[in-house]
Amino acid sequence: MPELPEVETIVSDLRPQVQGRQITGVRSLSPEIWELPADVDGCSLILGTRVVAVQRRGKLIVIGLDNGWHLLIHLRMTGQLLLLPPAPAPRYARACFELDQSLALWFCDVRRFGRITVTSDLNTALGRLGPEPLSAQFDASFLARRLHFARRSIKSALLDQSVAAGIGNIYADEALFVARIHPATRACSLTGEQFQELAAAIKATLQCAINNRGTTVANYVDANGNPGHHQYALNVYRREGKPCPICETPIQRSRIAGRSSYFCPRCQPHNEAARAMPPEHRQRSTCQC
DNA sequence: AACCTCACCTGCGGGC
DNA sequence: TGCCCGCAGGTGAGGT
């Protein structure tokens, strides 16, 4: 599912091919995916404009247009953004942005969860998002301050886009494994050292996945239709019953924060158990990148 | 205010 | 073979 590394891969692929190009046609094949402000005609607003920027914020794709408006695309679960000829329409095509030189940006989405919107006020549109996890602003002291009173699980907190913009189920589980923190641990019970390890683990996990061009477990492909490689580097996600790469204990799955959560019961004990654990078992796990 | 549950969709795989 | 059911998980609305 597209999380930060997948969206980053798509955006970095699109940028050199789309920036500077004119949008010569807009086709809406599934009107329900558009979320437009009242009295705004999205298609006519976009038509004829030139793309001045292709960026990412959290899991959102932000396409800047030369009329001052921005096209925002969220892939949600199964959305894809593909650079293809303007015809024929690929499977599950929901919208098409035709560009000059016989190229088109196709938005495809089996489940129609994805959303497209336009805005002239980017700050308001992105206002609810927390910091970028790969930015300097996102560190242990930010997490400690932000989660000081949070009694919910750390897994739930990491999925909250106002805590960190761009983390989803896969990378929450992977980062918690690297930081050796059980996903059901209360966020406010983490120690300063654990916040340090978690912030570092989130950055390392996301950067490793970007280097691997994202994780393909079901629908994700890049802008050219190719799968990512990070599924081969996953430590715990969707590995229930398989040996932990550190200690070989079978990976467990349980439902935490309403999501399937994968963890090693030995490397990621609850805080109480961790304090009782002998030091030789507290070995550090590393990214497989 | 903080947090949880559910609806939104469709394809796929397992069980029978 | 074919049917049915559960599951996948990002987000926001609505409830506690």
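Predicted model only: the values in this text are computed from it and were never measured. A, B, ... follow the sequence lines: proteins, then strands. Residue 1 opens every chain.
Side chain of A:Q252 to main chain of A:F263: no donor-acceptor pair is present (N/O by atom type, distance under 3.5 Å, no hydrogens or angles).
Distance from the side chain of A:Q161 is smallest to C:dT11 among B:dC4, C:dT11, C:dA8. Of the candidates C:dG10, C:dA8, B:dC4, the closest approach to any side-chain atom of A:H74 belongs to C:dG10. Taking only side-chain atoms of A:K59, from C-beta outward, the nucleotide of B:dC3, B:dC4, C:dT11 with the closest atom is C:dT11. Of all nucleotides listed (C:dA8, B:dC4, C:dG10), C:dA8 comes nearest to the side chain of A:R238. Which of C:dT11, C:dG10, C:dA8 sits closest to the side chain of A:R253 comes down to C:dA8.
Taking atom CD of A:Q231 as the reference point, atom P of C:dA8 lies 18 Å away to the nearest angstrom. Following rounding to the nearest Å, A:R115 (CZ) and C:dA13 (C1') show an atom-to-atom distance of 13 Å. Between the OH atom of A:Y220 and the C1' atom of C:dA8 there is a distance of 18 Å, rounded to whole Å. Rounded to whole Å, the distance from CG on A:L75 to P on B:dC9 is 18 Å. The CD-P distance, from A:E35 to C:dA13, rounds to 9 Å in whole Å. Atom P of nucleotide B:dC12 and atom OH of A:Y92 are separated by 7 Å, given to the nearest angstrom. Distance CD1 (A:I116) to P (C:dG10): 19 Å, rounded to an integer number of Å. With rounding to whole Å, A:E3 atom CD is found 5 Å from C:dG10 atom P.
Between A:R152 and A:D160 there is a salt bridge, since a side-chain N of the basic residue sits under 4.0 Å from a carboxylate O of the acidic one. Taking the charged nitrogens against the carboxylate oxygens, A:D173 and A:R259 have no contact shorter than 4.0 Å, which rules out a salt bridge.
The side chain of A:T78 places no N or O atom within less than 4.0 Å of a non-bridging phosphate oxygen (OP1 or OP2) of C:dA8. Side-chain nitrogen and oxygen atoms of A:R255 include at least one within less than 4.0 Å of the OP1 or OP2 phosphate oxygen of C:dA8. Dashed line: the shortest gap from a side-chain N or O of A:R76 to OP1 or OP2 of C:dT11 is not under 4.0 Å.
Separation of the P atoms belonging to B:dC9 and C:dG14 is 15 Å when rounded to the nearest angstrom. Using C1' as the reference atom, B:dC6 and C:dG6 are 16 Å apart when rounded to the nearest Å. Annotation: C:dC7 and B:dT5 have their P atoms spaced 15 Å apart (nearest Å).
Not a single donor-acceptor pair, N or O on each side, falls under 3.5 Å between the base of B:dA1 and the side chain of A:R151. Checked by distance alone, A:R259 brings a side-chain donor or acceptor within 3.5 Å of a matching partner on the base of C:dG10.
Other residues, nucleotides and ligands contribute only 12 or fewer heavy atoms inside 6.0 Å of the CD atom of A:E248.
The ring-ring contact (aromatic ring centres under 6.0 Å, His included) search around A:Y262 returns A:Y237, not counting sequence neighbours.
In DNA chain C, runs of at least 3 consecutive Watson-Crick or G-U pairs, each pair with both distances below 3.5 Å, span B:2-8 with C:10-16, B:10-16 with C:2-8.
For the residue pair A:D109 / A:T78, a side-chain donor-acceptor distance below 3.5 Å is found, with atom types taken as modelled. A donor-acceptor contact under 3.5 angstrom links the side chains of A:S28 and A:W34, judged on distance only. For the residue pair A:Y171 and A:E6, a side-chain donor N or O sits within less than 3.5 Å of a side-chain acceptor on the partner.
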Check nucleotides 14-16 of chain C against the protein and report each pair of N or O atoms closer than 3.5 Å, with its distance, or say if there are none.
none

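Side-chain contact between A:L143 and A:L190 is absent, with no heavy atoms from C-beta onward closer than 4.5 Å. At least one side-chain heavy atom of A:I246 sits less than 4.5 Å from a side-chain heavy atom of A:F177. For the pair A:F138 and A:K203, the minimum side-chain heavy-atom distance is below 4.5 Å.
Comparing A:M77 and A:R128 along DNA chain C, the residue whose closest nucleotide (by nearest heavy atom) sits nearer the 5' end is A:M77. Comparing A:V110 and A:A257 by the nucleotide of DNA chain B whose heavy atom lies nearest to each, the residue mapping closer to the 5' end is A:A257.
The aromatic ring of A:F113 does not sit over the base of C:dT11, since the test of centres under 5.5 Å and planes under 30° is not met.
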